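Worksheet: the structure to be examined is printed underneath.
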Amino acid sequence: HDSSNNVSFIEETGSRNLHIRGSSIVLKSQTDNDDYAKFIENGAVELYHSNAKKFETTSSGVSVTGSITASVASTINVTGGTALTLKSTDAGSSAGPVLNLTRAGSSPADADQIGRINFKAESDLGAEANYAVIKIFSDDVSHGNEDGQFSLFTRVNGSEIDRMSVGSAATVFNDGGQNLDFRVEGDTVTSLLHIDAGNDCVMMGANGPSGDEQLLVHSPDNRTITVLNGASESYSQDIIDINCHRSASSSFNFIRMMSDANSGQDSEFIFAGNGSANADGTFNNNGADYAEYFETNDGNGINVGKTVVL
């Protein structure tokens with residue numbers, strides 16, 4: 001006992017250990033009999049705050065009542081499979097469990113990176129790298145008009161590449177302009193939609209472009225390939241509108257229709273850029289008025305029933 005400081009000690013001053021033995025050891029306060037700690041033989045170790053249990057060891061680990069606050073970066077080290085599980089026992093319809101990643105800075109600003117999840121692993125030489133990253137940005141922190149952005153990155157050839165970004169104005173794939181394709185697989189078609197970034201080509205039903213086209217629709221089956229349907233009964237627009245900035249010329253074609261595409265590639269019908277129409281077959285009048293094949297000198301159509309002198 002230290003009478004000058006009114007403090008008592010239990011102390012081992014030698015070179016051996018101090019043992020306090022008992023089937024259950026309880027540390028309590030003197031004034032209100034509050035529990036400080038309990039040590040139970042072959043059982044739990046319990047720690048209390050203001051007589052309320054906050055920490056307890058169990059046969060499978062530890063149990064914490066309340067929140068955990070870390071003042072520095074922390075790490076949970078595990079071996080094996082499952083590392084961290086958030087479990088809610090709520091039987092109602094409310095959301096649970098809920099994981100909140102909160103950025104509570106004193107000076108929020110537009111474009112702040114407010115959260116990040118790194119998926120790390122080592123290379124074959126033991127160098128640690130991010131193989132995938134989820135980043136969250138505060139695009140606009142104006143109260144009542146807040147905007148956020150979600151971005152997914154993966155490592156490609158040693159570099160971190162933006163694969164998808166979801167912002168307030170758009171959802172963008174491959175924002176960095178890399179040679180990375182985008183493919184949607186159907187039930188029976190592996191490339192129902194295929195965007196070839198390297199060739200700047202959009203394809204449906206094809207794995208690669210056949211030439212320098214920007215759009216390719218391919219079907220190996222005996223089925224209708226394209227249907228354009230003007231569903232309005234008062235429709236008054238062009239079903240197909242084909243424009244070319246070049247002035248009229250036979251050097252380009254608006255439309256070319258070909259047969260025997262696998263080998264001979266025979267052009268059956270061509271609408272040339274100078275207004276000419278060329279066909280391997282013949283024009284006939286089945287289902288169409290002859291006047292529909294002509295126009296006036298000023299480019300206007302000729303009404304059905306009007307007499308035409310050739």
Side-chain angles (χ1 to χ4, degrees), residues 1-2 5-106 108 112-138 148 150-155 160:
H1 178 73
D2 183 350
N5 294 309
N6 196 26
V7 177
S8 298
F9 299 93
I10 300 176
E11 182 181 0
E12 164 60 47
T13 60
S15 59
R16 298 184 181 274
N17 297 328
L18 172 66
H19 289 205
I20 301 176
R21 296 184 176 182
S23 58
S24 293
I25 299 175
V26 180
L27 301 181
K28 290 180 172 290
S29 66
Q30 179 183 12
T31 56
D32 54 11
N33 204 34
D34 283 356
D35 290 330
Y36 291 154
K38 293 182 180 180
F39 306 87
I40 303 170
E41 186 177 10
N42 298 322
V45 173
E46 301 174 359
L47 301 180
Y48 292 76
H49 175 81
S50 189
N51 207 36
K53 184 167 61 175
K54 296 298 182 181
F55 183 92
E56 177 183 6
T57 63
T58 67
S59 59
S60 59
V62 298
S63 176
V64 177
T65 301
S67 61
I68 300 176
T69 300
S71 59
V72 296
S74 303
T75 301
I76 300 176
N77 291 319
V78 297
T79 57
T82 302
L84 179 64
T85 300
L86 300 180
K87 183 177 181 179
S88 172
T89 58
D90 186 358
S93 60
S94 58
V98 176
L99 175 63
N100 291 322
L101 303 179
T102 303
R103 172 74 170 264
S106 59
D112 279 351
Q113 188 177 154
I114 59 174
R116 177 177 177 136
I117 300 177
N118 297 329
F119 298 86
K120 291 179 173 288
E122 294 181 348
S123 70
D124 56 355
L125 296 181
E128 189 177 79
N130 294 330
Y131 281 77
V133 179
I134 296 174
K135 299 179 182 179
I136 309 297
F137 299 88
S138 57
F150 167 93
S151 295
L152 174 62
F153 293 74
T154 64
R155 184 163 293 274
E160 196 174 283

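Note that the coordinates shown come from a computational prediction; the quantities given were computed from them, not determined experimentally.
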(message) Between the side chains of Arg116 and Glu160, is the shortest nitrogen-to-carboxylate-oxygen separation below 4.0 Å, so that they form an ion pair?
(response) yes

(request) Check whether any side-chain heavy atom of Phe119 lies under 4.5 Å from a side-chain heavy atom of Asn130, and answer yes or no. (result) no

(message) Test your reading of the model: is there a side-chain donor-acceptor pair from Thr57 to the backbone of Val62, 3.5 Å cut-off?
(response) no

(message) Are more than 12 heavy atoms, taken from residues, nucleotides or ligands other than Ile20, located less than 6.0 Å from that residue's CD1 atom?
(response) no

(request) Keeping the roles fixed (side chain from Asn51, backbone from Asp35), state whether a donor-acceptor pair exists under 3.5 Å. (result) yes

(request) Report yes if the side chains of Lys38 and Tyr48 come closer than 4.5 Å at any heavy-atom pair, otherwise no. (result) yes

(request) Please examine the side chains of Arg103 and Asp112, heavy atoms only from C-beta on, and report whether any two atoms are closer than 4.5 Å. (result) yes

(message) With rounding to the nearest 0.5 angstrom, report the CG to CZ distance, Leu18 to Arg16.
(response) 13.0 Å

(message) Closer than 3.5 angstrom, by distance alone: can the side chain of Ser88 be matched with the main-chain N or O of Asp90 as a donor-acceptor pair?
(response) yes

(request) Answer yes or no: is there a side-chain heavy-atom contact under 4.5 Å between Tyr36 and Ser29? (result) yes

(request) Grab the two heavy atoms, one from Ser50 and one from Asp34, that are nearest each other, plus how far apart they are. (result) C-OD2, 4.3 Å

(message) Tell me whether Lys135 forms a cation-pi arrangement with Phe153, defined as NZ or CZ under 6.0 Å from the six-membered ring centre and within 45 degrees of its axis.
(response) yes

(request) Ignoring hydrogens and angles, tell me if any N or O in the side chain of Glu12 forms a donor-acceptor pair with the backbone of Gly14 under 3.5 Å. (result) yes

(request) Give a yes or no on whether the backbone of Leu125 and the side-chain of Ser123 come within a donor-acceptor separation of less than 3.5 Å. (result) yes

(request) Hey, could you give me the CZ/CG distance between Phe39 and Leu27, rounded to the nearest 0.5 Å? (result) 5.0 Å

(message) Would the distance check show the side chain of Ser74 and the main-chain N or O of Val72 forming a donor-acceptor pair, the cut-off being under 3.5 Å?
(response) yes

(message) Any non-hydrogen side-chain atom of Lys54 less than 4.5 Å from a side-chain atom of Leu47?
(response) no

